Amino acid sequence: MAKKKKKMIKLNQSIRHFFGDEGFDEGIERVPTEVLIALAHTLGIFEGSTDKTSLIRTFRRLWSEGETDNREMIVAFFKHEGKIYPNPKPKEKPHEREEKIDELLEAFEISDAERRDLHAAFIDIRTRKITPDKIASKLEHIRYTRKRETLEKALEGKFNYDDTLEYYAPITYRIDTESFTKIHVLKTPPLNEKRLHEETLEVLVPEIGELKNALTHQKQEQTNLFLSSLNLTNHRYLNREQIIASLKSAPPSTQTYGSLNIDVLRDVLVHHLNTPLISVGTDDLIIEIEKQLILPRREEPLEYTLSLHLDAHELSRQIWNEEELTISTMVEEQSIHEERAFLGELEHLVNECRERSKLLDMDEDSLYAIVYELLLPYLTLTPHISSKTSRRVLFSYDQRIAGELLKRQRQALLARTVRDFKNLFPLARSLRRRLIFHTGPTNSGKTYTAFQHLKKAGTGYYLAPLRLLALEGYENLRDDGVSASLITGEEQLLDEDATHISSTIEMLSFEVEVDCCVIDEVQMIDDRDRGWAWANAIIGAPAKTVIMTGSPNAREAVIALAEYLGEPLEVVEFERKNPLELLKTATPIDAIEPKTAVIAFTRNNALRLKQQLSKTYRTSVIYGNLSPEVRREEARRFREGETDILVATDAISMGLNLPIKTLLFSKADKFDGQNQRNLTATEVRQISGRAGRYGLSEKGYVGALTGDVLKTVTSLFTKNIEPITLPFNVMANFDHIMLVSNILEEKSLSAIVDFFVENMKFEGPFRAANLESMQEASAIIDRYDLDMRTKYTLATAPLSTSSPLVMASFERYVRALEQKKPIAYIPPQRLGNYALSMEELQEAEDRIKEISLYLWLSYRMSEFFVDAEKARLFRGELNRFIENSLQQSHFVPRCKTCGKPLAPNAEFAICQGCFNNLNRAKGRQAPPPTKFQPKEGSRRSRR
């Protein structure tokens, strides 16, 4: 790796020789078109285009891809040509800056010392930024600073930030037969800054000196008054010797009497309050008092130690002035506060336990007895139930009552299914794993750092949330010379010598031990449909080091899992590299600047926005329904400047590294598969983070197309993100399914899944995952005579239940499997250059999903799905068809009832004529038509 890096540095230095010491991207622009054509022929990439802009863009891409072979050929070409293309910009002369400073200083009357200071102040400033005004301002500052220093020396003091003069004043103490002098720190009122600037030293020194004398005299009078008021013979707390010794030993301060030393304070506390002093700090004293607390439904009180923090200065003041000491009141108030808080925590814990055991009808005395037995060993000397202690007690409580609960269940099945989930991964449990959590906002380098660890490991796994990111991870490893394989649900690129594997997270093998495993985007553990995959990976990844990357709201979830696993966790926090700035006003659609991403939340809205923007801008579009290959190509076009604007759904919120300078929300709500709802703070923060990527933009900007959306986005952007809460979803695996099937003697997969959702329980912070899609697929599969293993495989396939085309293919597969016949892939009968309508584009997208389903099944049942290569071939054709379609601007939204074209910005999915006909058919005035909200594939579709 180091050898390759040195070679790249040498090539970069070589090319700068031919371009006047400029980089490749700048220098290539000065090369004539005919030389560029010759270079293209030499590299074997000439495609007939003589357009200089296109040629330059091609060569820049080749150079930036970092392949040493391409760079060596380019450098060799220019060496053979022997020509230099110098930089036309004149270089700054070595002594130009010094000469300019000297020239400007000639206009000022300055001393040699001032000249040296001004030289030092401007020597590192760019020449063009050095102006007479800046020199004059700096000279004024230098002179004023020296004037203050002279004043401080003459007045024997020090100016503070607020223009007060702080100085030491000798104060005479005469008490009884004793006489001594102490130094006090005195401070003048703030002096007039304008006079400090303008008046001469001859005026200021006597004037401030008189002020010092007056303040010193005033302090002496205050001291005399205090000393005369002291009761030497009958002081409430101190004797004569303590008073005199304390006054003599007090350090310089602004107070007349100063703080009492620790021995005196200890003596006062013991003699007057019977309270020993336990701990001593600079200004903080701690006393401890033994207390008792009567607990509900318990005869024996809880003994605890109350620790009270005292302010040494305040306590000294009360003692000097012979005031009533307030410690007793403070003790009482603090004990009431702590006991009340503890009883509230205890009540909350008892209520939790009561809820967990409500099926047992346990009496209150027994409930409290179990809680006290489990809780009291964890309590320290302070009455407080921490969240960690509460989790431990609740976990132990669940264990304690589990046996009794199982007796109450109607089915004996639960006696065998209540289990410790982590033990389902024996290889991971046998390793002494080390957990590391890289947490921070988007664009903070947490995944990059994790990849550096992964590349150094002997063997490793990268687990991605998306197929596209798994492919990028695979390419990243191979680009750095790491032998790697790619495994996703529908694609496998295997290298027999591979030391590393990049895969989608659902494809993790729990039986292959590695040195390092990187789990990306762990905040997805909270995802309603796929979160189980992250929970399984964190618990079961068979790696010595497990590195997780995710947003800060996943911190508590990761800590909870680490505590549950009993494995050491290191949390590494990252800061965002580039700042994000919220725009103050909305950005109209006709005022959008290049390098902007506009965010929509449905396929239809994305395509409509794309059509509107394409009239003015070159536009790319990305949404969840597109295949990873098409999304990647659209992202490339935007990244390389072939398009100006990117229209995207929240499909870009994870992982895509794009040169987005400004990100604009078109809406502030979305359909989440169940309801139309407002965006969350987490979603706004995650999507906004795509703007201003480090190395691509110095700053990112976030805004909206309309004022109302901007107002909502602004409030969510600045809102604190709620942490992920327990419990976590876990998926029904085949062992679970077979266990329920055997005990209940049930052959219906649908019935087994229903029973799992309603009855399956786990120890630890887990619950059965959302299995609605699995239940929907099971209802179809149960109509056919298949073994349970085949049924389970089919039910867990990436099935887009909203697509009639995909569902029809799925049923064809199931019928063929029942008959044990080979299953061919049936390609589309005709495929033009691009789609002529949105419906035709939708059909192509569905056919990509059909191929994804076919390939996913082919990896698991290859003996039946025999056309995998043919399916891959047509996936490439369909991807090109979709990509060509997206580059068109002819799509017209049509009425879903009659097919009549709608306006590009039409709000509803039916035309006005169909709406009127609907009203007439109903014989009454209907409410406005509801907005058409299409689904972007099923929730189980692996993006």
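This is a predicted model, so every value here is computed, not measured.
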From CA spacing to verdict: side chain to side chain contact (heavy atoms under 4.5 Å, CB included), Leu471, Arg632: CA-CA 10 Å; Leu471 178 58; Arg632 191 180 193 200; 3.3 Å; yes
Show your reasoning for whether side-chain hydrogen bond (donor to acceptor under 3.5 Å, both in side chains) applies to Glu521 and Gln523. CA-CA 5 Å; Glu521 306 287 2; Gln523 72 274 4; 2.6 Å; yes
Below 30° counts as parallel, above 60° as perpendicular, anything between as tilted: where do the rings of Phe510 and Phe425 land? tilted
Among residues two or more places apart or on two chains, list those pairs meeting salt bridge (Lys or Arg N to Asp or Glu O under 4.0 Å) that have a residue in residues 781-790. Asp782-Lys791, Arg783-Glu811
Heavy-atom side-chain contact between Ile780 and Met807 under 4.5 Å: yes
Report yes if the side chains of Ile848 and Val630 come closer than 4.5 Å at any heavy-atom pair, otherwise no. no
Residues at least two apart in sequence or cross-chain that pass salt bridge (Lys or Arg N to Asp or Glu O under 4.0 Å) with Glu877, listed by chain then number, are Arg880
Non-neighbouring partners of Glu843 that pass salt bridge (Lys or Arg N to Asp or Glu O under 4.0 Å), sequence neighbours left out: Arg847
Which residues share a ring-ring contact (aromatic ring centres under 6.0 Å, His included) with Phe810, sequence neighbours left out: none
Thr488: side-chain contact (heavy atoms from CB on, under 4.5 Å) partners, not counting sequence neighbours: Arg467, Ala470, Leu486, Glu490, Glu491, Thr504
Closest contact, heavy atoms only, Ser485 versus Asp495: OG-N, 2.9 Å
Can you list everything that forms a salt bridge (Lys or Arg N to Asp or Glu O under 4.0 Å) with Glu818? Sequence neighbours excluded, please. none
Please list, chain by chain and in numerical order, all residues satisfying ring-ring contact (aromatic ring centres under 6.0 Å, His included) with Phe874, sequence neighbours excluded. none
Report the residues that fulfil salt bridge (Lys or Arg N to Asp or Glu O under 4.0 Å) with Glu776, sequence neighbours left out, ordered by chain and then residue number. none
By side-chain contact (heavy atoms from CB on, under 4.5 Å) - contacts of Ala600 (at least two apart): Asn605, Ala606, Leu609, Ser666
What do the steps show when you test Thr602 against Thr649 for side chain to side chain contact (heavy atoms under 4.5 Å, CB included), and what is the final call? CA-CA 7 Å; Thr602 66; Thr649 63; over 6 Å; no
Heavy-atom side-chain proximity of Asn604 to Tyr623 below 4.5 angstrom: no
Should Tyr474 and Leu493 count as side-chain neighbours, where that means a heavy-atom distance under 4.5 Å? yes
Starting from the C-alpha separation in whole Å, work towards a yes-or-no answer on side chain to side chain contact (heavy atoms under 4.5 Å, CB included) for Phe665 and Phe601. CA-CA 9 Å; Phe665 287 82; Phe601 292 97; 4.1 Å; yes
Mind checking what makes side-chain contact (heavy atoms from CB on, under 4.5 Å) contact with Asp526, not counting sequence neighbours? Ile724
Sidechain N-carboxylate O distance under 4.0 Å for Glu883, Arg636: no
Run the side-chain hydrogen bond (donor to acceptor under 3.5 Å, both in side chains) test on Asp520 and Thr549 for me, step by step, so that the C-alpha distance in whole Å, both residues' side-chain angles and the decisive distance to 0.1 Å come before the verdict. CA-CA 5 Å; Asp520 208 358; Thr549 73; 2.5 Å; yes
Among all residues two or more places apart in sequence or in another chain, which pass the ring-ring contact (aromatic ring centres under 6.0 Å, His included) test with Phe864? none
Residues in side-chain contact (heavy atoms from CB on, under 4.5 Å) contact with Ala779, at least two apart in sequence or another chain: none
